[in-house]
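Heads up: the structure comes next, in structure tokens.
Worth saying up front: this structure is predicted, and the values here are computed from it rather than measured. Below, chains carry the letters A, B, ... as their sequence lines are ordered, and counting in each starts from 1.
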There are 2 protein chains.
Amino acid sequence: MPRGRPRQFDLDRALDTALLLFWRHGYEGTSLKALTEAIGVNVPSLYSAFGNKEELFAKAVARNLQKPASYLPKALGEPTARRAVEKLFRGAINMTRNSRYPEGCLLVRGALVAGPSSEAICQELSRRRAGAEAAVRRRFERAIAEGDLPAKVDAAPLARYIVTVLWGLSVQAAGGATRAQLKEVVEWALRCWPESE
Amino acid sequence: MPRGRPRQFDLDRALDTALLLFWRHGYEGTSLKALTEAIGVNVPSLYSAFGNKEELFAKAVARNLQKPASYLPKALGEPTARRAVEKLFRGAINMTRNSRYPEGCLLVRGALVAGPSSEAICQELSRRRAGAEAAVRRRFERAIAEGDLPAKVDAAPLARYIVTVLWGLSVQAAGGATRAQLKEVVEWALRCWPESE
DNA sequence: ATTTTATTGTAGCACTCGCTAAACAAATGT
DNA sequence: ACATTTGTTTAGCGAGTGCTACAATAAAAT
């Protein structure tokens with residue numbers, strides 16, 4: 001056991017409920033009062049554990065990518081690019097319309113825009129989205145090298161298209177689109193797939 | 001001339017600068033102080049002219065649809081559904097990457113999520129997005145009735161797919177995507193067009 | 001000239017924001 | 001027993017939030 005007084009709340013549980021709040025109301029829409037009340041802890045305890053609101057948000061984003069959004073790396077592990085994208089979309093819909101989570105992706109809901117004081121948050125999320133896009137692009141580059149995708153296909157624009165649909169699905173989900181409706185969108189989105197022509 | 005002391009600022013100009021601020025920083029990220037300073041007017045004048053912050057936002061949204069986002073009804077007036085969608089995407093990119101405007105669409109940037117006090121704003125924007133989707137759907141229904149689109153095509157899912165890409169483009173633009181990159185996305189998005197099969 | 005009507009400027013309301021200093025409490029180390 | 005370390009509690013800071021009461025001002029109506 002460590003030296004001083006033991007912490008009276010679970011760090012991971014606290015981070016999970018913080019994640020849910022940020023996910024639902026966004027960075028600016030989530031107040032410290034809401035956070036501390038939901039976690040059941042006082043403000044200084046939260047600060048000594050996670051730093052400040054900005055750091056807490058960053059850690060919540062990291063946790064989001066490890067747990068609820070872990071479908072992305074898993075999907076990209078599929079043997080073919082086509083199946084990877086299918087699983088990617090399926091995973092997105094699964095997370096995006098899940099009773100345990102808010103509708104849509106934290107990377108889109110968290111802070112697409114913000115006041116002058118929270119611009120760093122926007123940029124952080126923007127980088128994360130770009131990271132997801134890059135991961136998809138690398139998977140397509142591999143698929144091209146393996147002959148899985150036609151050599152004439154350019155990986156970067158295709159990846160950008162796929163994640164554009166992905167972010168669009170988040171907006172739709174945030175607006176109340178049902179799982180079936182999102183599936184229909186994915187069906188249309190996949191009709192342009194290179195192999196099918 | 002009306003009865004009392006004449007207003008010393010232009011209502012439309014004020015609404016335009018309010019629109020730009022809401023557009024850039026979102027509803028929650030735009031403070032009354034920022035609004036009044038940018039417009040060059042005191043708080044009570046703003047309130048007597050527009051009501052409160054929420055009403056001002058609603059009027060800014062309405063103005064946005066009349067001016068910067070007027071490309072939507074114009075695009076849907078094109079003779080064929082295919083050309084309508086092409087013009088829709090082109091108009092969206094034009095607005096979304098325009099030096100005069102923030103990057104992306106107000107309907108997505110304004111308030112995708114919000115704190116408990118601003119949920120009405122989210123719903124308002126959600127309704128507006130649904131309205132845009134419905135307009136596209138009706139255009140497709142007309143196209144099907146005219147034989148412009150194959151009869152087996154279902155208008156609603158196709159419209160939902162198109163606007164999903166549209167909202168996705170807004171997220172991409174907000175993240176710094178260039179005009180050329182967005183055009184590449186649109187190219188991919190249009191490859192699934194029914195006629196092309 | 002006076003009254004009426006509407007906007008403007010000043011000041012400040014009650015409240016929330018993110019955040020922190022200081023005292024108290026509970027564990028370990030010597 | 002005592003000091004040390006660490007977390008919790010209480011209380012409150014300064015700044016900012018949306019909003020409004022009130023008096024001063026500028027026009028039209030009488």
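Map Gln8(B) and Thr30(B) each onto its nearest nucleotide of DNA chain D; the residue landing nearer the 5' end is Thr30(B). Between Pro6(A) and Glu54(B), the residue anchored nearer the 5' end of DNA chain D, judged by the nucleotide with its closest heavy atom, is Pro6(A).
Side-chain atoms of Arg139(A) come within 3.5 Å of backbone atoms of Glu78(A) as a donor-acceptor pair (strictly under, hydrogens ignored). In this structure, the side chain of Thr164(A) does not engage the main chain of Leu169(B) through any donor-acceptor pair within 3.5 Å.
Closest approach of Arg142(B) to Leu76(B), counting heavy atoms only: NH1-O, 4.4 Å. Across all non-hydrogen atoms, the minimal contact from Trp23(B) to Arg109(B) is O-NE, 2.9 Å. Between Pro79(B) and Asp148(B), the shortest heavy-atom contact is O-OD2, 4.4 Å. The nearest pair of heavy atoms linking Pro157(B) to Glu184(A) is CG-OE1, 3.5 Å. Taking all atoms of both residues into account, the shortest heavy-atom contact from Thr36(A) to Asn42(A) is CG2-C, 4.1 Å.
dT16(C) atom P lies 16 Å from atom NE2 of His25(A), rounded to whole Å. Distance CZ (Arg7(B)) to C1' (dT7(C)): 7 Å, rounded to an integer number of Å. Atom P of nucleotide dT16(C) and atom CG of Leu32(B) are separated by 17 Å, given to the nearest angstrom. Atom-to-atom, CZ of Arg5(A) to P of dA27(C) comes out at 8 Å; the value is rounded to the nearest Å. Atom NZ in Lys33(A) sits roughly 9 Å away from atom C1' in dT16(C) (whole-Å rounding).
The OH atom of Tyr101(A) sits 8.5 Å away from atom CE of Met95(A), with the distance rounded to the nearest 0.5 Å. Atom NZ of residue Lys53(B) and atom CD1 of residue Ile121(B) lie 8.0 Å apart, to the nearest 0.5 angstrom.
Ring centroid separation for the pair Trp188(B) and Phe89(B) does not come in under the 6.0 Å cut-off.
Under 4.0 Å is where a charged nitrogen must lie from a carboxylate oxygen, and between Arg138(B) and Glu141(B) no such pair does.
In 5' to 3' order, the nucleotides of DNA chain D bounding all contacts with chain B (an atom under 4.0 Å from a heavy atom) are dT17(D) to dA29(D).
Residues from residues 34-53 of chain A with heavy atoms under 4.0 angstrom of DNA chain C, sorted by number: Val43(A), Pro44(A), Tyr47(A), Asn52(A), Lys53(A).
The rotation axes computed at either terminus of the helix from dA1(C)-dT30(D) to dT30(C)-dA1(D) lie 10° apart, taking five pairs at each end and rounding to 10 degrees.
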